[in-house]
Amino acid sequence: MVSRNIQDTPQNRSLAGEGVLVTGCSSGIGRATAIHLARQGFAVFATVRKQDDVEALQRLNEPNLVPTYPLDLAKPEHIPHVVEFVTQELRLRGKQGLYAIVNNAGGSFIAPVELTDLDKFRTELETRILGPMALLQALLPMIRQAQGRVAWIATPALIPVPYVSSIHACDFAVNCIVRTLRIELAPWGIPITLIRCGGIRTAATGENAPKPEVDLKKRWPAERFELYSQALAGQLRQFAEFDAKRTEPEEVAKVVYAALSARKPRQSYAVGHMARTAGVLELLPHSIADWIIARRSA
Ligand SMILES: NC(=O)c1ccc[n+]([C@@H]2O[C@H](COP(=O)([O-])OP(=O)(O)OC[C@H]3O[C@@H](n4cnc5c(N)ncnc54)[C@H](OP(=O)(O)O)[C@@H]3O)[C@@H](O)[C@H]2O)c1
């Protein structure tokens with residue numbers, strides 16, 4: 001099936017049928033983005049790590065959506081097989097290279113730094129930093145060939161958010177990698193775009209999100225957990241208020257499409273509840289921004 005909306009884009013070329021790989025498409029932002037991009041006419045390699053999720057994507061009957069399995073970013077041995085699969089599929093479609101990667105996959109958990117499970121944190125480092133870098137290393141020759149681009153789903157701002165440092169610490173690293181790539185890949189004109197998301201309504205948030213009071217209580221001596229129980233309860237109440245105002249993931253999908261189809265994509269796009277406010281906090285001196293954040297979470 002060909003494009004319904006893709007018209008002419010960068011270099012006056014049609015993007016219909018061009019390949020885009022999106023990671024973490026079992027739910028949330030990744031799933032909404034994969035579906036939206038496929039409906040706009042891209043051939044979307046929607047990566048998942050469970051067979052059930054392949055079947056769920058197949059049941060959507062989207063002709064441009066190609067479930068790509070397995071890709072667990074914490075397992076580098078999965079990457080060569082994904083590259084081989086994408087290469088073959090693009091060849092069958094008569095396409096030269098891969099037009100874009102959308103780095104989206106990531107887990108989440110709530111814990112103060114003192115009680116953070118280092119194995120879980122290590123998995124986040126692999127999922128959010130090392131895995132995407134390995135994937136990028138493997139796919140960049142194909143992106144170069146297609147004169148393509150890279151988009152990275154990120155947090156709204158470089159700020160410390162208490163009890164979710166696993167996400168935000170990784171994001172500082174991702175921001176640094178993105179800025180470095182912009183400089184290093186400039187000779188080939190490969191744009192790298194950050195999609196800075198505020199509160200988005202997904203599986204990682206709301207009622208189904210992991211509950212720290214259950215998880216931490218099981219793992220830590222009661223007296224250690226008690227040190228944080230009041231602060232955590234306050235933070236959870238705040239998260240619950242925040243959850244009620246989250247933006248639907250389809251809004252992120254539209255922004256990703258804009259970034260992939262714009263003649264000249266911006267370096268970053270802000271989308272979702274409080275994304276712009278968080279962006280302002282990032283511009284303040286650290287002492288002031290941290291004071292505001294501490295007061296909000298007290
Ligand atoms: N929701 C928000 O408010 C928000 C705000 C800012 C940024 N973000 C970022 O947006 C991205 C997507 O989050 P979401 O809110 O859409 O959450 P989500 O619905 O939980 O989706 C996360 C996706 O990442 C996949 N994933 C997790 N660990 C993986 C791994 N090791 N290898 C490969 N895939 C893995 C999950 O697959 P499984 O189903 O197999 O676990 C799932 O498909 C995350 O990077 C998140 O930090 C979200």
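All ligand and atom numbering here is 1-based and tracks the order in the structure. The first residue in the sequence is number 1, and the count goes up from there. Keep in mind the model is a prediction, meaning the values are calculated, not measured.
- Remark: ligand 1 atoms within the under-4.0 Å shell around heavy atoms of Ile153 are 9 (C), 10 (O).
- A salt bridge links Arg224 with Glu114; the closest basic N to acidic carboxylate O contact falls under 4.0 Å.
- For atom 21 (O) of ligand 1, the closest heavy atom belonging to the protein is Ser27 OG, 3.4 Å.
- The protein heavy atom nearest to atom 33 (C) of ligand 1 is Leu71 O, 3.3 Å.
- Looking at atom 48 (C) of ligand 1, its nearest protein heavy atom turns out to be Ile29 CD1, 3.8 Å.
- Contacts between Arg31 and ligand 1 below 4.0 angstrom, taking non-hydrogen atoms only, are absent altogether.
- The residue among Gly106, Ala74, Ala46, Gly24 with a heavy atom at the shortest distance from atom 22 (C) of ligand 1 is Gly106.
- Neither the backbone nor the side chain of Pro156 has any atom closer than 4.0 Å to an atom of ligand 1 (non-hydrogen atoms only).
- Taking 4.5 Å as the limit, some side-chain heavy atom of Val256 sits within range of a side-chain heavy atom of Leu37.
- The closest approach between Gly272 and ligand 1 stays at or above 4.0 Å for every heavy atom of the residue.
- The nearest heavy-atom contact from the protein to atom 43 (O) of ligand 1 is Ser26 OG, 2.7 Å.
- In terms of protein heavy-atom proximity, atom 28 (N) of ligand 1 is nearest to Arg49 NH2, 3.4 Å.
- Considering only non-hydrogen protein atoms, atom 14 (P) of ligand 1 sits nearest to Thr202 OG1, 3.4 Å.
- Ligand 1 lies within reach of Asp72, whose nearest heavy atom is under 4.0 Å from it.
- Summarising the contacts of atom 5 (C) of ligand 1 with Gly198, Gly28, Gly199, the nearest heavy atom is found in Gly198.
- Heavy atoms from other residues, nucleotides or ligands lying under 6.0 Å from NE2 of His286 number 12 at most.
- Residue Glu126 places no heavy atom under 4.0 Å from ligand 1.
- With hydrogens left out, the protein atom closest to atom 38 (P) of ligand 1 is Lys50 NZ, 3.4 Å, a heavy atom.
- Note on ligand 1: Ala32 sits outside its first shell, no heavy atom being nearer than 4.0 Å.
- Atom numbering of ligand 1 starts at 1 in the shown order; those under 4.0 Å from a heavy atom of Ala203 are 19 (O).
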